[in-house]
S.K.: 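I'd like to ask some things about the structure below.
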Amino acid sequence: GSTEAAGPDGFGSGRHFEDGQYMRDDGAVFAFGATEAFSYEAWIRETARPAGESTAFGQFAASHGWRLIYASGHWTCELINNGFWSTLADTDFSADGEWHHVRCVREAGGLVVRIYVDGVEAGSSTADLQDVSTSAPLVIGNSAYGIARDSQWFVGDIDEVRVTSP
C-alpha cells in the first residue's frame with residue numbers, strides 16, 4: 001500500500017511510501033537478454049533514510065534482475081546475473097526533500113551502463129553481464145519479490161516509473 005502524493009509537476013500522480021509500504025505489478029515482467037539495450041527511470045523524492053539500504057524500484061528475485069537502490073552512500077543502478085552485481089554510483093542527493101529524475105541505461109551490447117540524475121550523466125560502468133531477465137513482478141518501494149528485505153524500504157515519493165527497451 002501507498003498513498004497519493006503530488007508529483008514533480010505539482011499534481012497528484014505520484015505515490016508516497018512509508019516504511020513497510022510497497023506496490024507490485026504482477027503484469028509488468030520485463031525479460032532483457034544478454035545484449036539488449038534497456039532503461040529504467042523515475043522521479044523520486046526521498047524524505048527519510050531508514051537504516052540500511054533503500055530500494056526505490058526494480059524487478060529482482062533470487063539471482064537475476066535490476067533495481068535502483070541507495071547503498072553505501074550513493075544511488076546505484078544494479079544489474080544482477082547469477083549473483084554477479086554490476087553497480088555504478090552517482091553523487092548523493094537523498095533525503096534532501098527535492099524531486100530528482102534518475103535514469104539507468106544499459107546500452108546495446110550489454111556492457112556499458114550509465115546513470116543520469118536530473119538529465120546529467122553522473123556515472124558509467126563497464127560490466128561483463130549476461131541475461132538479467134527474471135519472472136519476478138515489478139516492485140516499487142522495496143527491493144525484491146519473494147525475498148525478505150525488511151531493511152530496504154523506500155521512504156518518500158515516487159512518480160512516473162518507466163521501463164523501456166528501444
Side-chain angles (χ1 to χ4, degrees), residues 2 4-17 22-46 53-71 74-82 84-91 93-94 98-146 152 154 156-166:
S2 63
E4 188 172 303
D9 58 2
F11 296 100
S13 61
R15 301 303 298 175
H16 179 74
F17 297 88
Y22 70 97
M23 295 174 65
R24 84 180 222 199
D25 185 341
D26 292 321
V29 176
F30 305 96
F32 301 114
T35 61
E36 186 176 354
F38 71 97
S39 66
Y40 53 102
E41 63 190 288
W43 285 93
I44 62 174
R45 177 171 57 185
E46 192 173 35
E53 299 173 341
S54 176
T55 300
F57 68 99
Q59 184 180 19
F60 168 66
S63 60
H64 286 82
W66 51 267
R67 63 187 174 173
L68 175 63
I69 184 170
Y70 184 89
H74 299 279
W75 277 101
T76 301
C77 299
E78 287 188 341
L79 303 177
I80 305 103
N81 171 264
N82 287 328
F84 176 76
W85 302 73
S86 174
T87 64
L88 77 105
D90 73 330
T91 57
F93 59 82
S94 64
E98 299 296 323
W99 282 102
H100 297 280
H101 183 261
V102 181
R103 183 173 186 227
C104 301
V105 178
R106 183 175 80 172
E107 296 180 355
L111 298 180
V112 177
V113 180
R114 299 183 190 284
I115 184 169
Y116 297 85
V117 178
D118 297 328
V120 177
E121 184 175 336
S124 65
S125 177
T126 302
D128 184 19
L129 280 180
Q130 300 299 316
D131 186 4
V132 296
S133 63
T134 177
S135 60
L138 177 67
V139 176
I140 302 171
N142 197 351
S143 179
Y145 173 68
Q152 294 189 356
F154 176 84
D157 305 318
I158 300 177
D159 196 11
E160 298 180 26
V161 173
R162 185 173 310 168
V163 181
T164 56
S165 179

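The basis for the numbers below is simple: all heavy atoms, side chains too, and nothing from hydrogens, waters or symmetry mates.
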S.K.: Is the shortest side-chain heavy-atom distance between Val113 and Val105 below 4.5 Å?
M.R.: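 In short, these two side chains do not touch, never coming nearer than 4.5 Å.
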S.K.: Using the rule given for side chain to side chain contact (heavy atoms under 4.5 Å, CB included), can you reason through His64 versus Phe32, listing the C-alpha separation, both sets of side-chain angles and the distance that settles it, and then say yes or no?
M.R.: CA-CA 10 Å; His64 286 82; Phe32 301 114; over 6 Å; no
S.K.: Using a 4.5 Å cut-off on heavy atoms from C-beta on, say whether the side chain of Trp43 contacts that of Asp157.
M.R.: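 Not touching, per the 4.5 Å side-chain cut-off.
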S.K.: Step by step, would you call Leu138 with Arg24 a side chain to side chain contact (heavy atoms under 4.5 Å, CB included)?
M.R.: CA-CA 6 Å; Leu138 177 67; Arg24 84 180 222 199; over 6 Å; no
S.K.: Is any side-chain heavy atom of Ile115 less than 4.5 Å from a side-chain heavy atom of Cys77?
M.R.: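 Side-chain contact under 4.5 Å: yes.
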S.K.: Evaluate the side-chain proximity of Arg106 to Glu36: yes if any heavy-atom separation is below 4.5 Å, no if none is.
M.R.: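 Glu36 reaches Arg106 side chain to side chain.
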S.K.: Looking only at heavy atoms, which two atoms of Val102 and Ile44 are closest? And how far apart?
M.R.: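 Taking every non-hydrogen atom into account, CG2-CD1, 4.0 Å.
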S.K.: Check whether any side-chain heavy atom of Ile158 sits under 4.5 Å from a side-chain heavy atom of Arg15, and report yes or no.
M.R.: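 Ile158 vs Arg15: side chains apart.
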S.K.: Considering only heavy atoms from C-beta outward, does the side chain of Trp66 approach that of Phe57 to under 4.5 Å?
M.R.: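 Yes - at least one pair of side-chain heavy atoms lies under 4.5 Å apart.
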S.K.: Assess the residue pair Ile140 and Val161 against the criterion (side chain to side chain contact (heavy atoms under 4.5 Å, CB included)); give the C-alpha distance rounded to whole Å, side-chain angles, the decisive distance to 0.1 Å, and a yes or no.
M.R.: CA-CA 9 Å; Ile140 302 171; Val161 173; 4.0 Å; yes
S.K.: So Phe154 and Trp75, would you call those rings parallel, tilted or perpendicular, with 30° and 60° as cut-offs?
M.R.: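 The rings of Phe154 and Trp75 sit tilted, inter-plane angle from 30° to 60°.
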S.K.: Return the minimal non-hydrogen interatomic distance between Cys104 and Leu68, and the atom names on each side.
M.R.: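 Looks like SG-CD1, 4.1 Å.
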S.K.: Identify whether the distance between the nearest side-chain nitrogen and carboxylate oxygen of Glu98 and Arg45 falls below 4.0 Å.
M.R.: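 Arg45 and Glu98: not salt-bridged.
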S.K.: Enter the distance from Ser125:OG to Glu78:CD here, rounded to the nearest 0.5 Å.
M.R.: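 If I round to the nearest 0.5 Å, the distance is 11.5 Å.
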S.K.: Counting distance only, does the side-chain N/O of Asp118 pair as donor-acceptor with the main-chain N or O of His101 below 3.5 Å?
M.R.: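 Yes; judged by distance alone, with no hydrogens or angles, the pair exists.
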S.K.: Is the backbone N or O of Gln59 less than 3.5 Å from a side-chain atom of Thr134, with the two atoms forming a donor-acceptor pair by type?
M.R.: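 Between the backbone of Gln59 and the side chain of Thr134 there is no qualifying donor-acceptor contact (under 3.5 Å).
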S.K.: Under the 6.0 Å and 45° cation-pi test, does Arg67 pair with Phe60?
M.R.: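 Positive - Arg67 is close enough to the ring of Phe60 and near enough to its axis.
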S.K.: Identify the heavy atoms of Ser39 and Arg103 that sit nearest to each other, and give their distance.
M.R.: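 Distance-wise, the nearest heavy atoms are OG-NH2, 3.5 Å.
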S.K.: Mind checking the OG1-CG spacing from Thr55 to Asn142? Nearest 0.5 Å is all I need.
M.R.: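 Separation between the atoms: 6.5 Å.
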S.K.: Go through it in stages, so that I can follow the logic: the residues are Glu46 and Ser54, the test is side chain to side chain contact (heavy atoms under 4.5 Å, CB included), and I'd like the CA-CA distance, side-chain angles, deciding distance and then a yes or no.
M.R.: CA-CA 10 Å; Glu46 192 173 35; Ser54 176; 3.4 Å; yes
S.K.: Ignoring hydrogens and angles, tell me if any N or O in the side chain of Arg162 forms a donor-acceptor pair with the backbone of Tyr40 under 3.5 Å.
M.R.: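 No, Arg162 side chain to Tyr40 backbone: no donor-acceptor pair under 3.5 Å.
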S.K.: Mind listing the closest non-hydrogen atom pair of Ala37 and Ser165 along with its distance?
M.R.: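 In terms of heavy atoms, the two residues are closest at O-OG, 3.0 Å.
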